[in-house]
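Each ligand, and each atom within it, is numbered from 1 in the order the structure gives. For the numbers below, each heavy atom of this structure counts, side chains included, while hydrogens, waters and symmetry mates do not.
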Amino acid sequence: MIEKRLPPSAFVDGFGRRITYLRVSVTDRCDLRCLYCMNERMTFAPKADVLTFEELDRLCALFVRRGVRKLRLTGGEPLMRRGVLDFVRDLSHHLRSGALEELTLTTNGTRLADCAADLFAAGVRRINVSLDSLDRETFARIARSDRLQQVLEGIAAARAAGLSVKINTVALRRDNAREIPALIRWAHALGMDLTLIETMPLGDMEEDRTDQFVSLAALRRELESFWTLDDLPETSGGPSRYVRVRETGGKLGFITPLSHNFCATCNRVRLTCTGQLFLCLGREDNVDLRAPLRDGHGDDALDRLLDEAMTRKPKAHDFVIEHGRSPALARHMSTTGG
Ligand code: SAM
Ligand code: SF4
């Protein structure tokens, strides 16, 4: 259905994959410090390097014109950046014109209570909220911030505003593995899907990540010892695989970049808040769009640069998680936004 509406100049990479999904990190800053994502002390991009909303808007328009149908704002924490709601409102004209199918965002939820109604009014209909525990102490340990209540209020406000909420949960051996069935039950009882995520080796961390790694294949087997999981055919062109939990009636996703390779159907690229285009979450290779943008290049020149960038999209990522091994990539998840 999407294919039919793509313009003739739609992006196709060197392996014949159509690029229809852009994730934009609007800031690398965050009010939380989740231990798998950031160190306690982080150095963020200098303000001068961060693209203005006008610059981001221009790049997004180029992508939409070239067939991107789904745009996700992420970060860092996207709702932390001042002016982000105006940016969402500006982007929403692509929804009204029919060029964009979906405008969405991934958030930690701490600011949702204030933003949910405005997001809905701007045409956002679905959001992902990251939540790793319903226990106040566990949440505070993982996020290094005592904000569970705020996040729960944010989720409630989003639902009340009419947004459909999907919960994202990173599975962590020590911190929340035992709580995961309860989290799934809670989300499904409220009619929310939940997706489990394996920790990915991005960015140097204070602790050895292999200690916290849980294979979702093993976790799935454990869930199947007391639930019936029916495979669902749908894919998002991304790393998620979905099942329906017969006993709860809800949908459960598994994002398994390490124990499962999902690259053959990859339809996405990622833009950082400083204007680098990453062709693959699992690779360092990127194309700088900020310099040509600020040097005054016209849309035609930027279009050519994007065409060339697409030819550099690799066939597959090369994540490896091994005891004592340094991270596969030096960059933190907050740079490219997951
Ligand atoms: N701050 C927002 C949030 O937390 O939803 C958006 C950005 S965050 C980087 C996007 C997603 O990446 C979150 O669901 C988070 O749990 C996940 N994430 C961050 N670091 C990760 C890692 N090393 N491995 C797997 N998932 C990670
Ligand atoms: Fe912030 Fe999201 Fe990273 Fe947690 S996962 S530190 S909320 S950017």
query = Are any of the heavy atoms in Gly76 under 4.0 Å away from ligand 2?
reply = yes

request  = May I ask you to list the atoms of ligand 2 that are less than 4.0 angstrom from any heavy atom of Cys34?
outcome  = 4 (Fe), 5 (S), 6 (S), 7 (S)

Check the hydrophobic clustering (I, L, V, M, F, W, Y; side-chain heavy atoms under 4.5 Å; chains of links allowed) and say if [X] and [Y] are grouped together.
X	Y	answer
Phe53	Leu22	yes
Val50	Phe87	no
Leu306	Val12	no
Met310	Phe15	no

Exceeds 12 heavy-atom contacts within 6.0 angstrom, atom CZ of Arg136 =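 For Arg136, atom CZ is not crowded (no more than 12 foreign heavy atoms under 6.0 Å).
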
request  = Kindly state whether the ring of Tyr242 and the ring of Phe254 have centres lying under 6.0 angstrom apart.
outcome  =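 Ring centres of Phe254 and Tyr242 not closer than 6.0 Å.
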
Can you list the ligand 1 atoms lying under 4.0 Å from a non-hydrogen atom of [X]?
X	value
Val170	16 (O), 26 (N)
Cys37	19 (C), 20 (N)
Ile197	14 (O), 25 (C), 26 (N)
Thr199	24 (N), 25 (C)
Glu198	24 (N), 25 (C)
Ser130	3 (C), 4 (O), 5 (O), 13 (C), 14 (O)
Thr107	2 (C), 3 (C), 5 (O)
Asn168	14 (O)

ask   = For Met38, is the nearest heavy atom under 4.0 Å from an atom of ligand 1?
value =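 It does not, in that no heavy atom of Met38 comes within the 4.0 Å cut-off of ligand 1.
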
key: ligand 1-proximal atoms of Asp132, by part, heavy-atom distance under 4.0 Å   = neither

query = Closest approach of Asn108 and Cys30, non-hydrogen atoms and distance?
reply = ND2-SG, 3.6 Å

Closest contact, heavy atoms only, Ile180 versus Ala171 = CD1-CB, 3.8 Å

Hey, is ligand 1 close enough to [X] that some N/O pair sits below 3.5 Å?
X	answer
Thr74	no
Thr106	no
Gly76	yes

query = Is Asp307 paired with Arg66 through a side-chain N to carboxylate O contact shorter than 4.0 Å?
reply = yes

query = Does a side chain donor of either Arg69 or Tyr21 reach within less than 3.5 Å of an acceptor in the other side chain?
reply =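 Tyr21 and Arg69 do not have a side-chain donor-acceptor pair below 3.5 Å.
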
ask   = Quick check: does Cys30 have an N/O/S atom under 2.8 Å of atom 1 (Fe) of ligand 2?
value =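 Checking atom 1 (Fe) of ligand 2 against Cys30, an N, O or S atom does fall under 2.8 Å.
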
